[in-house]
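In what follows, a single structure is set out as structure tokens and then discussed.
This one's a predicted model, so the numbers in the text were calculated from it and none came from an experiment.
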Amino acid sequence: MSAIMSGIGAGLGSMPGTDPRAAAKLVAGELDWPFLAELPARGLGADMIGRTAAVLVDIALDTARVSPGDTTTYRIAGPPGRLVNRARGYLDADLDAAEEVFERSGLRGDGRPFTITLCGPYTFAANVELASGHKVLHDRGAVRDVVASMAEGLSELVADVERRLGCNAVVQLDEPMIGAVLDGRIRPLTRLDVMPEVSAEGAAQLLQSMAARIARPIVLHSCAVPRWDLIEHLTDFAVSLDISLLDDPQLDRFGSFIDRGGRAVAGIVPTVRPAKMVSADQLSTRLAEFIDRIGLPRNVLSEQIAVSPTCGLAGADNEWSARALAIAAKVGQLCGEDPDAL
């Protein structure tokens, strides 16, 4: 976990707009822990599942129209087609933009952490369909195949990113639907189908197998309430979470996680412009009070916790997305310099 930094500002992946160079310049300019921006406003192939489609090895996705509403869904297909080509084109453009910005800014080769975000395997399996129309989650073998394919593709991608940027790659797995998966709330194709049960321990084993293949620091991210029953089975995974969602029992679980050496990316900066503006000083004080409430020593802010927006910034306007990252960087700096003074 050497590349998981604390006392620093970070981002979570998605950004507004469609210009990869503008996004890369903004991210690298505001954060000491930058990330490869996702720009879902570009359309299919540019969201988190599309980004994953560009990385998978020997598994291709396409889109399909389904009822009701003639909506579009992702589906595992045969040979790579237009969707995969589009997704890979977006990824290549994003990588080229980050490389150009790092080169021009003198950041290349300084070994800073750099996050690559991908859809986690269980959220992927809960959204993507097999050719039969069933969710990937319906087939345990298909889930294992996706995990192996994702791990192989990520291992190749992080090596490429480190070569291009001279950074230390960090992988963030977005798992917003992991709670629904563990609770059995993913709807099957028909009422007569039985969705296989997924236990927290079993999910952790597959995630650990991914981590072993990637051999880079891993951050498990969700904008929903954390699933500590899963997290407690994971070894050396950092956790990215929205701290405003933690009630008293959740605070105890978070405190136990930090107390046993866990690292966290604490989401505290609003993802959209708040009605009442907030400052870095206010949020750093709020974060320090949060740590005090749990009963942890303030030094965890400089040693085990980084700071980020509460979730991705794709829904923010351009001005606020820049300001949110700047605030996160400042809060991280304040927490890293002298947390006891907050």
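We find that R42 and D94 are joined by a salt bridge, their nearest charged nitrogen and carboxylate oxygen being less than 4.0 Å apart. For E319 and R323, the salt-bridge test fails: no basic side-chain N is under 4.0 Å from an acidic carboxylate O. Electrostatic pairing of D229 and R227 counts as a salt bridge here, judged by a charged N lying under 4.0 Å from a carboxylate O. A salt bridge between R216 and E162 is present, with a side-chain N of the basic residue lying under 4.0 Å from a carboxylate O of the acidic one.
Under the 4.5 Å side-chain heavy-atom criterion for Ile, Leu, Val, Met, Phe, Trp and Tyr, V147 and L137 are members of the same hydrophobic cluster. A continuous path of hydrophobic side-chain contacts links L241 to I258 [ILVMFWY only; heavy atoms under 4.5 Å]. Transitive grouping of hydrophobic side chains (ILVMFWY, heavy atoms separated by less than 4.5 Å) brings L206 and V146 into a common cluster. The hydrophobic cluster containing I178 also contains V198, counting ILVMFWY residues as joined when their side-chain heavy atoms lie under 4.5 angstrom apart, directly or transitively. Criterion: ILVMFWY side-chain heavy atoms under 4.5 Å apart, direct or through other members. Under it, L95 and M150 are part of a common hydrophobic cluster.
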Take Y122 and L182 through the side-chain contact (heavy atoms from CB on, under 4.5 Å) test and state the conclusion after the steps.
CA-CA 9 Å; Y122 283 100; L182 295 177; over 6 Å; no
Yes or no on side-chain contact (heavy atoms from CB on, under 4.5 Å) for L287 and I243, after CA distance, side-chain angles and deciding distance?
CA-CA 9 Å; L287 187 53; I243 65 170; 3.7 Å; yes
Show the numbers, then the answer: is there a side-chain contact (heavy atoms from CB on, under 4.5 Å) between T310 and C223?
CA-CA 7 Å; T310 55; C223 298; over 6 Å; no
Steps toward side-chain contact (heavy atoms from CB on, under 4.5 Å) verdict (F124, M48):
CA-CA 9 Å; F124 180 95; M48 67 176 180; over 6 Å; no
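Under a 3.5 Å cut-off, the side chain of R263 and the backbone N or O of E303 do form a donor-acceptor pair. With hydrogens and angles disregarded, a donor-acceptor distance shorter than 3.5 Å links the side chain of N127 to the backbone of T123. Remark: side-chain polar atoms of R298 are not paired, donor with acceptor, to backbone N or O of D292 under 3.5 angstrom. Here the side chain of D193 pairs a donor or acceptor atom with the backbone of T190 at under 3.5 angstrom. The backbone N or O of V265 sits nowhere less than 3.5 Å from a side-chain atom of S308 that would complete a donor-acceptor pair. Remark: the backbone N or O of V101 is paired with a side-chain donor or acceptor of S105 at under 3.5 angstrom.
Residues that satisfy the salt bridge (charged side-chain N to carboxylate O under 4.0 Å, His left out) test with R293, not counting sequence neighbours, are D248. With sequence neighbours excluded, the residues satisfying side chain to side chain donor-acceptor pair (under 3.5 Å) with S240 are H221.
How far CD1 of I186 is from NZ of K135: 8.0 Å, rounded to the nearest 0.5 Å. With rounding to the nearest 0.5 Å, the separation of CZ in R253 from CG in D247 is 11.0 Å. For the atom pair OG1 (T73) and CD1 (I49), the distance works out to 7.5 Å, reported to the nearest 0.5 Å. How far CD1 of I214 is from CG of L173: 6.0 Å, rounded to the nearest 0.5 Å. From L154, atom CG reaches atom CD1 of I218 across 7.5 Å, with rounding to the nearest 0.5 Å. In this structure, L56 CG and R88 CZ are separated by 9.0 Å, a value rounded to the nearest 0.5 Å.
Residues V171 and L118 are not in side-chain contact: their nearest non-hydrogen atoms beyond the backbone lie 4.5 Å or more apart. Under the 4.5 Å side-chain criterion, counting only non-hydrogen atoms from C-beta, T117 is not in contact with L12. Between P121 and L207 the shortest side-chain heavy-atom distance falls below 4.5 Å. For the pair D62/R75, no side-chain contact is recorded, criterion being any heavy-atom separation below 4.5 Å from C-beta on. Residues W320 and P270 have side chains in contact (heavy-atom distance under 4.5 Å, counting atoms from C-beta outward). Counting only heavy atoms from C-beta outward, the side chains of M5 and R112 never approach each other to under 4.5 Å. Annotation: side chain of F237 is in contact with side chain of Q208 (closest heavy-atom distance under 4.5 Å). Side-chain atoms of L283 and L334, non-hydrogen and from C-beta on, never get closer than 4.5 Å to each other.
Scanning all heavy atoms of the two residues, the minimum distance from V331 to A280 falls at CG2-O, 3.6 Å. Smallest separation of non-hydrogen atoms from L296 and V300: CB-CG2, 4.4 Å. The minimum heavy-atom distance linking L189 with S132 is given by the pair CD2-O, 3.9 Å. When every heavy atom of A10 is checked against every heavy atom of A328, the shortest pair comes out as O-CB, 4.2 Å. Closest approach of P113 to D32, counting heavy atoms only: CD-O, 4.1 Å. For the residue pair A224 and L245, the shortest heavy atom distance occurs at C-CD1, 3.6 Å.
By the 30° and 60° cut-offs, the orientation of the rings of F254 relative to F257 is tilted. Using cut-offs of 30° and 60° for the angle between ring planes, the F114 and F102 rings count as perpendicular.
Under 3.5 Å, the side chains of S279 and D281 contain no donor-acceptor pair of N or O atoms. When only modelled atom types and interatomic distance are considered, N299 and S302 share no side-chain donor-acceptor pair under 3.5 Å. For the 3.5 Å distance criterion, the side chains of S14 and E38 fail to qualify, holding no donor opposite an acceptor.
Annotation: D340, atom CG; neighbour count of heavy atoms from other residues, nucleotides and ligands within 6.0 Å is above 12. By the 6.0 Å contact criterion, CZ on R273 is enclosed, its count of non-hydrogen atoms from other residues, nucleotides or ligands being greater than 12.
Cluster partners of L39, by chain and number: M15, L26, V27, L31, F35, L313, L325. The rule joins Ile, Leu, Val, Met, Phe, Trp and Tyr whenever side-chain heavy atoms lie under 4.5 Å apart.
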